[in-house]
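Sequence lines set the chain letters: A, B, ... in the order given, protein chains first and strands last, and positions in each chain run from 1.
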Amino acid sequence: MSNILLYNTLSRKKELFQAINPPYVGMYVCGPTVYGDAHLGHARPAITFDLLFRYLRYSGFKVRYVRNITDVGHLENDADAGEDKIEKKARLEQLEPMEIVQYYTNNYHLNMAQINVLSPSIEPRASAHIIEQIQLIEKIIHNGFAYAKNGSVYFDVEKYNKSHSYGKLSGRVIDDLQSNTRVLDGQEEKNSAQDFALWKKANPEHIMRWPSKWSDGFPGWHLECTAMSTKYLGDFFDIHGGGMDLLFPHHECEIAQSVAGTGKESVKYWIHNNMITINGQKMGKSLGNFITLNDLFSGNHKLLDQAYSPMTIRFFILQAQYRSTLDFSNEALKAAEKGLERLMKGLNLLSSLKISDISSIDVKALSDKCHEAMNDDINSPILIAHLFDGVRSINSIRDGKDTITATDLESLKTLFNLFITDILGLVTEEKTGQNNELTAKLVELLLNIRVEAKKNKDFISSDKIRDQLTLMGVIIKDTKEGFEWELMN
RNA sequence: GGUCUCUUGGCCGAGUGGUUAGGCAGCGGUCUGCAAAACCGCGUACGGCGGUUCGAAUCCGCCAGAGACCUCCA
């Protein structure tokens, strides 16, 4: 079916992807906690796994892609003393918690659509799966790996580690953890510092609460992913993805929960995307150095020289391999903007190429290279480099320096549409105002007068029209046939 | 402090033993009334010091610097 290599964090090497039940593939990716606008960092996993989703589907797999919305249980601080992120935001904004959840979920969906990220097959909410989480806690308690205390339930890491390996995903040793875990407030309930909460008893002022046999409370953060992934994908599924920062403790805890609950691990391939950095540091909420997607699209942020279109952001992220850090800078984004333009121009040129009896370019070889790049751990930058080689060939054919047959041209069109549009998910963006009929007519009227002036060698008038229009934000390109124009963003 | 990772030409970013990745910027050229745009051409870089090897950006060691995780984070 395919020979896709994927880097599995569990084994620390690239493995041949073999679906558990081909052609079906189950993929679970940790989605956002909806208590703020999505920032550039959130776009990385979304695009990374969107790319994988698209490529797996193209490769013949029927993928069920589950990406959750965390709307409860994600604590602000340590598991005992912390405050629920959603609740905190709700209190600050004087809103019902679910109002916050709805608002930021809507914004997330809008942003994802803007960067052309496909909707997952299922998008479960943690708050809608309390029963499943309670059932899982009961199983874990039944199997002896959790204990209740004062209405809360904690996972017994030490006991689990005696018969299983806690730390196998992140490469941690439990003894190191014990000696190095910082002393935090409110941990007195737990038997051991590294134990984590499965259920938390709610304080009286806590709004988000559900009844359970232990207390009126709410589930722990790590639990939701285990409960929801196995509910929709079964006890053993193919791919679990997320950001590298979730590796420990979140994903480590997921493994422990699933083994403690069902007796076996539930994930075959663990895949992690790396971070987006800014000035060499991770972009994140806690450091306050994040730039939201809305900021990027509007250009309205002190670190931004200009606005960047959603496709520029998408291309910027795709230009780096997902396991590398990617450093934000205006210079890098501008480079991405220009590069994307070049690529899309090449794609558009395909429809106007003249055909010949023979081809001087090798479309099949290009196609093979593109597939090889994607098969090698989804290496999008290599794929893009090959596509740029294709663009050079396309320009060269246009200039008459290379030739292409009708058959090869069809193949090349198919290839470009497949990789650029379907797999990389890059589409041409309409510029705002371009469709305003009156503006278009006025601009064209002026430019036609300018053509007349040029014919009459009245360069003073022609340059005046050009300079004035340029000042107004009309980009003019002179061509053999006359002119082309577009509005500045 | 512990665990792990990274350090590539002006910028971003691929590449794991021997062939020029690619993009942006820059320079040169074609085109143009002049420009702009577009297109074409041009860059032998791999933190430092040793070692292995016929040969290392790529393997090993040491040193320096940066980062991630260890607490919420995509």
Worksheet item: Is the shortest distance from a Lys or Arg side-chain nitrogen in A:D478 or A:K454 to a carboxylate oxygen in the other one below 4.0 Å?
Response: yes
Worksheet item: In whole Å, what is the span from the CZ atom of A:F316 to the C1' atom of B:C11?
Response: 11 Å
Item to complete: Could you measure between the two P atoms, the one in B:A45 and the one in B:U19, and give it in whole Å?
Response: 13 Å
Worksheet item: Do any side-chain nitrogens or oxygens of A:N379 fall under 4.0 Å of OP1 or OP2 in B:A21?
Response: no
Discussion item. A quick test of your reading: do over 12 heavy atoms of other residues, nucleotides or ligands sit less than 6.0 Å from CG of A:L16?
Written reply: yes
Discussion item. What is the separation between atom CG on A:L326 and atom P on B:G23, rounded to the nearest whole Å?
Written reply: 18 Å
Worksheet item: Which residue pairs pass the salt bridge (Lys or Arg N to Asp or Glu O under 4.0 Å) test when at least one of the two sits in residues 280-294 of chain A, sequence neighbours left out?
Response: A:D245-A:K282
Worksheet, complete the sentence: Residue pairs passing the salt bridge (Lys or Arg N to Asp or Glu O under 4.0 Å) test with at least one member in residues 29-54 of chain A, sequence neighbours excluded, are A:D50-A:R54, A:D50-A:R314
Practice prompt. Take atom P in B:G48 and the same atom in B:A57, then report the distance between them in whole Å.
Written response: 11 Å
Worksheet item: Got a sec, which residues hit side chain to side chain donor-acceptor pair (under 3.5 Å) with A:N274, two or more places apart in sequence or on another chain?
Response: none
Worksheet item: Once Watson-Crick and G-U wobble pairs under 3.5 Å are found, how is RNA chain B written in dot-bracket notation, 5' to 3', with | for any base paired to another strand?
Response: (((((((..(((.....[...))).(((((.......)))))....(((((..]....))))))))))))....
Practice prompt. Write out all pairs satisfying ring pair (Phe, Tyr, Trp, His ring centres under 6.0 Å) with one or both partners inside residues 302-352 of chain A, taking only residues at least two apart or from two chains.
Written response: none
Atom pairs under 3.5 Å: protein N/O with N/O of nucleotides 64-68 of chain B:
unit_1 : atom_1 : unit_2 : atom_2 : d
B:A68  : OP1    : A:K282 : N      : 3.3

Exercise answer: donor-acceptor pairs, residues 342-351 of chain A side-chain atoms, under 3.5 Å, sequence neighbours excluded:
unit_1 : atom_1 : unit_2 : atom_2 : d
A:K345 : NZ     : A:E341 : OE2    : 3.1
A:N348 : ND2    : A:M344 : O      : 3.2
A:S351 : OG     : A:N348 : O      : 3.0

Worksheet item: For A:I449, what residues pass the side-chain contact (heavy atoms from CB on, under 4.5 Å) criterion, not counting sequence neighbours?
Response: A:L445, A:I465
Discussion item. For the P atoms, the ones on B:G55 and on B:A14, what distance do you get once it is rounded to whole angstrom?
Written reply: 31 Å
Worksheet, complete the sentence: Taken to the nearest whole Å, CG/A:L247 to P/B:U5 is 12 Å
Give me the distances for all protein-to-nucleotides 24-31 of chain B N/O pairs that come in under 3.5 Å?
unit_1 : atom_1 : unit_2 : atom_2 : d
B:A25  : OP1    : A:K338 : NZ     : 2.8

Worksheet item: Residues two or more places apart in sequence or in another chain: which of them pass ring-ring contact (aromatic ring centres under 6.0 Å, His included) with A:H371?
Response: A:Y58, A:F419
Item to complete: Specify the separation, in whole Å, of atom CG of A:L333 and atom P of B:C11.
Response: 17 Å
Worksheet item: With a non-hydrogen cut-off below 4.0 angstrom, is A:N273 in contact with a base, only sugar-phosphate, or nothing?
Response: base
Item to complete: Check whether any side-chain nitrogen or oxygen of A:R12 sits under 4.0 Å from OP1 or OP2 of B:U5, and answer yes or no.
Response: no
Discussion item. So, using salt bridge (Lys or Arg N to Asp or Glu O under 4.0 Å) as the criterion, who are the partners of A:D402 when residues are at least two apart?
Written reply: none
Worksheet item: For atom P, what is the distance between B:C60 and B:G1, given to the nearest Å?
Response: 25 Å
Worksheet item: Taking OP1 and OP2 of B:A35, is either one under 4.0 Å from a side-chain nitrogen or oxygen of A:R450?
Response: no
Discussion item. For residues 378-389 of chain A, which residue pairs pass the salt bridge (Lys or Arg N to Asp or Glu O under 4.0 Å) check, not counting sequence neighbours?
Written reply: A:D389-A:R392
